[in-house]
Amino acid sequence: MRKELAKTYDPNGLEDRLYEKWLRGGYFRASVNPDRKPFTIVMPPPNITGQLHMGHALDNTLQDILTRWKRMQGFEALWQPGTDHAAIATEVKVTESLREQGIDKEKIGREEFLRYCWDWRKEYGGRIINQLHRLGSSADWDKERFTMDEGCSEAVLTVFLKLYEKGYIYKGSRIVNWCPKCQTSISDAEVEHEDQDGFFWYIRYPVAGEENMFVEVATTRPETMLGDTAVAVNPRDDRFTHLIGRTLKLPLTDREIPVIADEYVDMEFGTGCVKITPAHDPNDFEVGKRHSLEEICVLNDDATMNEKGGKYAGLDRYEARRRIVRDLEDLGLLVKVVPHSHAVGTHDRCGTTVEPMVKQQWFVRMDELAKPAIEAVKNGELTFVPERYTKIYLHWLENIHDWCISRQLWWGHRIPAYYCRKCGKMIVSRTAPDTCPDCGGDSFEQDPDTLDTWFSSALWPFSTLGWPEETPEYRYFYPTDVLVTGYDIIFFWVIRMVFSGYEQTGKSPFHHVLIHGLVRDSQGRKMSKSLGNGIDPLDVIDRYGADALRLTLVTGNAPGNDMRFYWEQVEASRNFANKIWNASRFIMMNLPDGEIRTPDPAELKPADRWILSRINTVVREVTENMDRYELGIAVQKIHDFLWDEFCDWYIEMAKLTFGDESPEGMKAKNGTLWTLREVLGESMKLLHPYMPFITEEIYCTLNPEAETVMTEAWPAWSEERCFPEDESMISAYQELVRGIRNIRMEMNVPAKTKTDLVIACKDEGAERDFRKLLASMGDAGRMVSAKKIEIAGGRTEAEEGSVSVVMSRATAYIPLSELVDREKEIARLTDELGKMVKEIARAEGMLANPKFVSKAPAAKVEEERAKLARYVAMRQQIEEQLERFK
RNA sequence: GGAACGUUAGCUCAGCUGGGAGAGCAUUCGCUUGACGUGUGAAAGGUCACAGGUUCGAGCCCUGUACGUUCCACCA
């Protein structure tokens, strides 16, 4: 029994049911299969704290499209999913939730706190995965991983030990970015620079042993002066050479500091004298190293002044600043205050102004590791789509600093370093050592720090496949094919995966990186919690369906570009879904219960062959564009084909034959029904990666024997489905229909008024084609509101009292004398003639240009010649029409 | 201070290796034509930011300018 589609398209009733079906059917699963080529994408692991937002929706839609497409192309397609432990985000969330319960993190201690974190993960970690289900994501959920699961942790440990042994990981006292709110160090990538309005304070430092002799420095951060250990001038600056080597009295303290010479000082800027605070400024830190200056840290971890701050101890950094400025003023040492805008580093998670501080931290030495990652894009092993992102990638890598990987957090992979409680010796090892090789002590304490979240995500493409074990999955699916992600995490993630991949596996972890932009609100603003302008993808799905959301996210968007979100566009997408739903319903209504005989192409009607020929081209275009990751163009092609050509033309043409019950008509009808079903089925396959739910429902209803469209073969272009003659015949028909509709509109002919129509053909070929065409059309007059269509060769008496439509191969007459307004007709025809004359002039001009004829490609020249001939013919016909009215 | 991207119809954006400017939405005028008014037929709307250059030919390539967006950057 034939199945039927529901009367109305209701995505909600559909999508959950079909997703369940897919899960049950196990279609998302991929496994090692020597008979197929693998295709692999690793999902950027969403944070366990995360809620699905538009960025995820876009990112995962793109991955799902590629995965579904490759699966249909016969690849063993693995989309490897998982979640990220999101060190800071989770720690902050759990801490907050504990605080709400009146529990203090510090009091319960590390072990207990971690138990809460794991509980939290158990409770909420799956939430975002369930939300991804609603999008239709065809990831292999059985393989879901977590950055802190056993295997991934093993990978982290292995990598850490390897890098340490190679000397690429070291512990050192260096200046790092410190977040006073989160109380942890962060990497350079996590610092956002924003311009802030501040001041330049000009301060005098008295020269020791002199009355009224000062050095004037300018600073944006007066409070750090308590940690000054020198003032630097440029050695070539004549103004100050006499001061080099002298000693200054550091105001507000009892310390004395030297004047040193260093090239770093810009003579043109400020006063030409720079206060040097090695413990609180990255540049000063370098200067301090060069001159062996003391590093005096004057801040506590929460950015209050410490005991080195003297009377300012305990004050917040900004309060200390105010007091210090006031005190300097009282001492007469403040020269002036000038407004000054400068870049301030803030923590990208909490927005707190970052404090550069000298700390004992763990670092990854980057110079050697960066090399293969740079080489990879230069030799083409790794490519970015769009290509412009290679530049950004390279620029960052070529200027990379060592990566601070230690975090003063509890939630994360703990650093495998142990300290002897007796002598303090540090031992880096997989497990706690038994005895200290130096002192024989047997008690050790593990380093309290954990690793940057990105340390584990850097290993994601191979750790999820079982590495460091040489698992069959790792051997088969690695390296992965394409990584899909937003440009905002190239530095955090993509780069670190690439150098980790080369270092650990000797290969780039993926061949291509497909970069997408941000989904912004309708005014082009970033969607953010604070602005409250975010749109919840789940809300969109509830209202319009996942298919509509997915289509919206890929339509009209080029790789790497930002896009704006409009509800109107979702509506348009839903309308498209509704359109194909109804078209399918109509087709199925007309399909017979029994078999449809597969017709020979020769017995098909021109319209049937035309649409087969057209979809054949669309198949090629869609595939080509998908090969280039131009998903927006690809889906546009399918959309336009289905709506304009298939629904608005082909189905309408098909209807013309449905009424014909003659034996011949029945035979033609079989061919048309077969074609309708064939083309609809192929279209659903093409559209499936983009709109998986509706295409599944339609396809399976259309082909009751099919289990799912997911595993059907991707359509292939075929030489046998090229019918250029039918294409040109149908475009002549379209020219006729459009022409008649236009003129009826222009002449205000009511739709109900049926007229006769005479087509006067220009030559025998045209006459033959039109006869053949109309003979195949059944009720051919329907689309042009004609009672009767007559085909004439050459001139016809129908001209009398007619309005005419001049086409390239014929002129059509509507013999309705009451329509004819002589003046109006002359005006209209004159207008047409003018257009034609212009076109002819253009073509003639080009062809008269010897350089064009000699230099342009022959095909192009030929094309212009053909056009010219056509225009000349049309001009002649129009002139003939005009004659009639003279 | 560098760099990238953008500037195309009223709005939002496509436009592949250069060969007669497109879509969606909005607008105007028609249509209960056997699936769809979430539809259908038609119309109007663009010196492709500006100025040069290359070319037989430029929205597309090159140079510069203006405006906008974003990224990077240790001028205290």
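Proteins come first, then strands; the chains are lettered A, B, ... in the order of their sequence lines, and each starts at number 1.
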Practice task
Go through A:Tyr393 and A:Tyr487 one step at a time and tell me if the ring pair (Phe, Tyr, Trp, His ring centres under 6.0 Å) criterion holds.
Solution key: CA-CA 10 Å; A:Tyr393 167 94; A:Tyr487 58 68; over 10 Å; no
Do any N or O atoms of the protein come closer than 3.5 Å to N or O atoms of nucleotides 74-76 of chain B, and which pairs are they?
| unit_1 | atom_1 | unit_2 | atom_2 | d |
| --- | --- | --- | --- | --- |
| B:C74 | O2' | A:Asn283 | ND2 | 2.6 |
| B:C74 | N1 | A:Asn283 | OD1 | 2.7 |
| B:C74 | O2 | A:Asn283 | OD1 | 2.3 |
| B:C74 | O2 | A:Asn283 | ND2 | 3.0 |
| B:C74 | N3 | A:Asn283 | OD1 | 3.2 |
| B:C75 | O2 | A:Asp266 | OD2 | 2.7 |
| B:A76 | N6 | A:Asp266 | O | 2.9 |
| B:A76 | N6 | A:Phe269 | O | 2.5 |
| B:A76 | N1 | A:Asp266 | N | 3.2 |

Taking only side-chain nitrogens and oxygens of [X], does any of them come within less than 4.0 Å of OP1 or OP2 of [N]?
| X | N | result |
| --- | --- | --- |
| A:Asn578 | B:G39 | no |
| A:Asn561 | B:U69 | no |
| A:Trp643 | B:U40 | yes |
| A:Arg564 | B:C13 | yes |
| A:Lys579 | B:U40 | yes |
| A:Lys391 | B:A4 | yes |

Nearest to the side chain of [X], which nucleotide is it out of [options]?
| X | options | answer |
| --- | --- | --- |
| A:Arg782 | B:G15, B:G34, B:A35 | B:G34 |
| A:Phe491 | B:C72, B:A4, B:A35 | B:C72 |
| A:Cys647 | B:A73, B:A35, B:C5 | B:A35 |
| A:Arg628 | B:C16, B:C72, B:G15 | B:C16 |
| A:Ala558 | B:U38, B:G15, B:A35 | B:G15 |

Exercise for the section: Provide, to the nearest angstrom, the distance between the CG atom belonging to A:Asp648 and the C1' atom belonging to B:U33. Expected result: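 After rounding, the gap between these two atoms is 13 Å.
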Exercise for the section: Give a yes or no on whether a salt bridge exists between A:Glu398 and A:Lys391, defined as a side-chain N under 4.0 angstrom from a carboxylate O. Expected result: no
Practice task
Establish, yes or no, whether a centroid distance under 6.0 Å links the rings of A:Tyr650 and A:Phe641.
Solution key: no
Practice task
Please name all residues satisfying ring-ring contact (aromatic ring centres under 6.0 Å, His included) with A:Phe492, sequence neighbours left out, ordered by chain then number.
Solution key: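 Once residues adjacent in sequence are excluded, the partners of A:Phe492 under the ring-ring contact (aromatic ring centres under 6.0 Å, His included) criterion are A:Trp454.
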Problem - Counter-base of B:U47, judged by Watson-Crick or G-U geometry with both distances under 3.5 Å - result: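 Answer to the pairing question: none, since B:U47 forms no Watson-Crick or G-U pair.
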